[in-house]
*Asks:* 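Starting off with a structure, shown below.
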Amino acid sequence: MNATGQYEFPVLRDEHGRICNAMSIDVEDYFHVAAFDGCIDPGSWERLEHRVRENTARVLALLRESGARATFFVLGWVAERYPELVRDIVAGGHEIACHGYMHRKATEQSREEFREDVHRAKGVLEDIAGREVIGYRAPTYSIGQDNPWAYEILESLGFRYSSSIYPVRHDLYGVPDAPRYPHYVQDGGLIEIPISTLRVRGRNLPCGGGGYFRLLPYFYTRLACRHINHRERKPYNFYFHPWEIDPEQPRIGGAPLKSRFRHYTNLSRMERKLRRLFASCPWRSMGEVYGICTNQGGVPDGGST
Ligand SMILES: [Zn+2]
């Protein structure tokens with residue numbers, strides 16, 4: 001750790017000398033998203049049509065095509081119902097990480113509720129995967145200045161890193177003045193790996209995935225990735241969800257217009273866009289890219305990277 005708390009790591013490169021970037025996927029179903037919080041009672045989740053298993057299988061196939069590897073932040077609720085999904089992720093040479101159990105924002109839980117939710121999810125994932133889970137992502141990037149205690153709890157539960165901050169201004173999440181690059185959040189303990197942003201005129205612009213990737217033209221993401229790799233000489237951190245490649249998913253009634261716009265726009269183009277993105281540069285899991293001991297074990301070597 002240097003004087004500013006920045007996490008210093010050796011930059012991972014592929015055999016052509018290109019920087020390896022960090023791909024991550026938040027494994028949850030279309031009805032778990034925070035934008036629909038007021039419209040769907042968690043008690044009804046069981047009765048809804050579940051599509052996460054098939055959508056995650058399609059994501060795994062896309063990654064396999066391009067030889068990319070990724071970190072999958074899996075919701076405990078999903079893992080418990082679809083353990084084979086977790087085993088398929090492990091068999092593909094990817095990293096299993098934790099997205100909590102019930103997809104509740106850290107900001108809306110007490111410390112004890114947060115600890116219980118994360119502990120439960122970690123246990124479910126480790127039992128199925130048969131390996132230690134060291135990475136965590138808070139639902140809706142809900143760790144920030146108001147709840148630094150969440151990091152203490154994560155560390156006490158055995159996590160080595162968190163990727164729970166998107167340093168942008170957004171109505172649902174974001175800490176716009178948070179560090180843009182991996183840094184220690186405790187004294188040399190837990191590492192926070194923020195989603196990538198572009199620094200333009202003193203502001204951080206989102207460029208690391210989520211709805212922005214679907215809403216904005218593909219070349220914006222490619223430019224951002226190149227800028228971060230070539231100018232800033234850092235890995236680029238990207239994320240998306242399996243439901244984003246599923247234009248056939250059932251529509252949620254009663255959701256506000258803004259939520260529906262964000263959730264449903266350009267779903268049909270997402271798979272093609274992701275295929276281009278996966279082929280555009282080498283992708284690895286967060287644990288691999290940042291040299292943190294991972295739970296991947298013997299990973300198959302990537303194909304076209
Ligand atoms: Zn989520």
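Note that ligands are numbered from 1 as they come in the structure, with each ligand's atoms numbered from 1 the same way.
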*Asks:* Identify whether the distance between the nearest side-chain nitrogen and carboxylate oxygen of Arg111 and Glu152 falls below 4.0 Å.
*Replies:* no
*Asks:* Let's go through His32 and Trp243 carefully: what are the C-alpha distance in whole Å and the side-chain angles of both, what is the deciding distance for ring-ring contact (aromatic ring centres under 6.0 Å, His included) to 0.1 Å, and is it a yes or a no?
*Replies:* CA-CA 10 Å; His32 290 124; Trp243 57 259; over 10 Å; no
*Asks:* Does a donor on one side chain sit under 3.5 Å from an acceptor on the other, for Tyr82 and Asp88?
*Replies:* no
*Asks:* In terms of relative ring orientation, are Phe31 and His50 parallel, tilted or perpendicular, with 30° and 60° separating the classes?
*Replies:* tilted
*Asks:* Report the relative orientation of the aromatic rings in Phe240 and Phe278; use parallel for angles under 30°, tilted for 30 to 60°, perpendicular for over 60°.
*Replies:* tilted
*Asks:* Do the charged groups of Arg120 and Glu116 touch, with an N to O distance under 4.0 Å?
*Replies:* no
*Asks:* Given a threshold of 2.8 Å, state how many protein N/O/S atoms are nearer than that to the Zn ion (ligand 1).
*Replies:* 3
